[in-house]
Amino acid sequence: MARVMALRVRRGDWVSAHGLWREVKAIRSDRYAAGGPQVVLVFKEGPALRVNAADELTVDRRGRTVRDKPRGRRT
């Protein structure tokens with residue numbers, strides 16, 4: 001389990017939202033009316049969740065590694 005930015009959530013991740021753990025079925029990028037980035041998480045069950053792209057979410061990857069920092073470019 002780790003805290004990651006909403007932008008880093010992937011399909012198959014389990015996200016804690018409103019006190020429940022839900023499995024992510026799809027992720028969409030969108031923009032607020034003012035132009036700021038947002039992420040729409042679509043769950044296998046229950047309603048979708050819109051969050052600011054930089055918001056931190058509690059994520060469980062069920063055995064897969066959660067990286068704290070993105071990999072840099074290899075040259």
Side-chain angles (χ1 to χ4, degrees):
M1 215 172 349
R3 303 264 311 155
V4 297
M5 287 184 359
L7 281 173
R8 309 264 331 223
V9 175
R10 300 186 303 198
R11 193 173 139 218
D13 286 350
W14 288 79
V15 175
S16 178
H18 304 292
L20 299 171
W21 285 96
R22 297 184 178 152
E23 187 176 1
V24 176
K25 178 174 140 182
I27 303 104
R28 294 191 306 254
S29 298
D30 204 355
R31 293 225 170 252
Y32 288 107
Q38 69 177 341
V39 174
V40 180
L41 301 175
V42 179
F43 299 110
K44 287 194 173 184
E45 296 178 6
L49 176 67
R50 279 181 200 273
V51 294
N52 185 308
D55 284 351
E56 284 194 349
L57 302 172
T58 303
V59 173
D60 186 356
R61 294 222 162 125
R62 306 286 161 115
R64 293 178 291 145
T65 304
V66 177
R67 292 186 177 272
D68 292 335
K69 297 179 183 176
R71 289 184 177 179
R73 281 191 164 174
R74 293 183 183 193
T75 55

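Heavy atoms only: backbone and side chains are in, while hydrogens, waters and symmetry mates are out. If you read the sequence from its start, that first residue is 1, and numbering goes on from there.
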For the student: nearest non-hydrogen atoms of Phe43 and Arg22, plus distance: CD2-CB, 3.4 Å
Flag side-chain contact, heavy atom, 4.5 Å: Leu49 against His18: yes
Counterpart residues, side chain to side chain contact (heavy atoms under 4.5 Å, CB included), relative to Leu7 (two or more places apart): Met5, Val39, Ala53
Atom of Val51, atom of Tyr32 and distance for their closest heavy-atom approach: C-OH, 3.6 Å
Residues forming a side chain to side chain donor-acceptor pair (under 3.5 Å) with Thr58, sequence neighbours excluded: Arg3
Value rounded to 0.5 Å, distance of CD in Glu23 from CG in Leu41: 12.5 Å
Any residue meeting side chain to side chain donor-acceptor pair (under 3.5 Å) with Arg28, in chain and number order, not counting sequence neighbours: none
Atom of Arg11, atom of Ile27 and distance for their closest heavy-atom approach: N-CD1, 3.2 Å
Linked, directly or transitively: Met1 and Trp14 (ILVMFWY side chains, under 4.5 Å): yes
Residue pairs, two or more places apart or on separate chains, that pass side-chain hydrogen bond (donor to acceptor under 3.5 Å, both in side chains) and touch residues 42-56: Asp30-Arg50
